[in-house]
Amino acid sequence: GFGTETASRNLGHCALGWGYGGTGMISTNDKFTAWGERYRADDIITCLLDYDHGTVGFMKNGENMGDAFHIDFKKNVVVPQIMTKDAILKVYFSPLEVRDDEKKLPRLPGGYTWLAHTRGADLTCWAPGSKTAVP
């Protein structure tokens, strides 16, 4: 999910964090709502931010599940946020990070861009290793 820089690291438990969990629930401000499908090991969850329309959505294995949250991005600068328990995961900010022997990442819906390929990503501490070329 996503949160502001001041959001609790306990994703979904404060008003400034928005998450989608393996149980199929979305959460923010300690409110958990049945929303999407459950996910498990080997599923690929893709987080989608639409700054123009103020929405956060998710995809599961390449299927867009729609908008989960509406956020005023003029008031809230958000960063990727992950909360896990007893889990090992891989996070990709660009399809260029995927090795040939790994699962192929889903195609993004029209109008979306991988985070490492957005304007200003080269100013972050994580993106330079993710972006070797713009597709």
Side-chain angles (χ1 to χ4, degrees):
F2 297 90
T4 67
E5 291 183 293
T6 59
S8 165
R9 296 300 173 238
N10 198 1
L11 186 59
H13 288 273
C14 76
L16 299 175
W18 304 270
Y20 167 52
T23 61
M25 307 281 270
I26 55 172
S27 58
T28 186
N29 205 23
D30 273 332
K31 294 180 183 138
F32 293 78
T33 306
W35 175 80
E37 300 176 10
R38 292 177 177 262
Y39 60 86
R40 61 184 191 289
D42 293 330
D43 284 333
I44 296 175
I45 303 302
T46 306
C47 302
L48 303 169
L49 262 74
D50 185 332
Y51 284 100
D52 294 332
H53 296 100
T55 60
V56 173
F58 299 92
M59 293 172 36
K60 177 184 168 190
N61 298 323
E63 294 294 321
N64 192 343
M65 296 188 295
D67 298 334
F69 300 103
H70 294 274
I71 299 170
D72 184 350
F73 289 116
K74 290 178 179 72
K75 293 181 181 176
N76 297 290
V77 175
V78 297
V79 295
Q81 208 175 8
I82 300 170
M83 188 175 91
T84 65
K85 180 179 177 183
D86 300 326
I88 297 172
L89 54 98
K90 292 183 181 181
V91 177
Y92 299 103
F93 296 107
S94 167
L96 300 173
E97 298 173 303
V98 180
R99 297 188 326 245
D100 290 338
D101 62 334
E102 294 179 314
K103 276 183 150 180
K104 187 173 179 161
L105 297 181
R107 188 181 272 302
L108 295 179
Y112 286 91
T113 303
W114 286 96
L115 194 56
H117 300 280
T118 58
R119 185 180 55 213
D122 56 329
L123 303 175
T124 68
C125 61
W126 54 265
S130 301
K131 182 179 175 183
T132 57
V134 176

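Atoms OG1 and CG, on Thr28 and Leu16 in that order, are 7.5 Å from each other to the nearest 0.5 Å. In this structure, the separation between CG on Leu89 and CD1 on Ile82 is 5.5 Å, given to the nearest 0.5 Å. Note that the CE atom of Met65 and the CE atom of Met59 stand 9.0 Å from one another [nearest 0.5 Å]. Atom NZ of Lys90 is separated from atom CG of Leu105 by 10.5 Å, given to the nearest 0.5 angstrom. Going from atom OG1 of Thr84 over to atom CG of Asp86 covers 8.0 Å, rounded to the nearest 0.5 Å.
With respect to the salt-bridge test (charged N to carboxylate O, under 4.0 angstrom), the residues Arg99 and Asp101 qualify.
Using a 4.5 Å heavy-atom threshold, the side chains of Trp18 and Thr4 count as touching. Residues Leu48 and Asn64 form a side-chain contact, since some pair of their non-hydrogen atoms from C-beta on lies under 4.5 Å apart. You'll find the side chain of Phe32 stays beyond 4.5 Å of the side chain of Thr23, heavy atoms only. Put simply, the side chain of Ile44 reaches to within 4.5 Å of the side chain of Pro106, judged on heavy atoms. In this structure, Leu49 and Val78 have side chains that are in contact, with non-hydrogen atoms separated by less than 4.5 Å. Within the 4.5 Å cutoff, no side-chain heavy atoms of Met25 are placed close to those of Tyr20. Side-chain contact between Val56 and Asp67: absent, with no pair of heavy atoms (C-beta onward) separated by less than 4.5 Å. Side-chain contact between Lys103 and Asp42 is present, with at least one heavy-atom pair separated by less than 4.5 Å.
The two atoms that bring Ser94 and Ala116 nearest to each other are CB-CB, 3.9 Å, heavy atoms only. The minimum heavy-atom distance between Gly3 and Gln81, with the atom names listed, is CA-OE1, 3.3 Å. Taking all atoms of both residues into account, the shortest heavy-atom contact from Ser8 to Cys14 is N-SG, 3.4 Å. In terms of heavy atoms, Met83 sits closest to Leu11 at SD-N, 3.3 Å.
Judged by distance alone, the side chains of Tyr92 and Glu102 do bring a donor and an acceptor atom under 3.5 Å apart. If you check the side chains of His13 and Ser27, you find no donor sitting under 3.5 Å from an acceptor.
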Go through the steps for Trp114 and Leu96 under the test side-chain contact (heavy atoms from CB on, under 4.5 Å), then give the verdict. CA-CA 10 Å; Trp114 286 96; Leu96 300 173; over 6 Å; no

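Ile71 and Val79 are members of different hydrophobic clusters when ILVMFWY side chains are connected at heavy-atom separations under 4.5 Å.
No donor-acceptor pair under 3.5 Å is formed between the side chain of Thr113 and the backbone N or O of Thr118. For the pair Asp43 (side chain) and Arg40 (backbone), a donor-acceptor distance under 3.5 Å is present.
In this structure, Lys31 places its NZ atom where only 12 or fewer heavy-atom neighbours from other residues, nucleotides or ligands lie under 6.0 Å away. Heavy atoms of other residues, nucleotides or ligands lying less than 6.0 angstrom from CZ of Arg107 number 12 at most.
Taking the six-membered ring where the residue is Trp, Phe58 and Trp35 present perpendicular rings, their angle passing 60° and hence far from 30°.
Note: Phe2 and Phe69 fail the aromatic proximity criterion, with ring centroids not under 6.0 Å apart.
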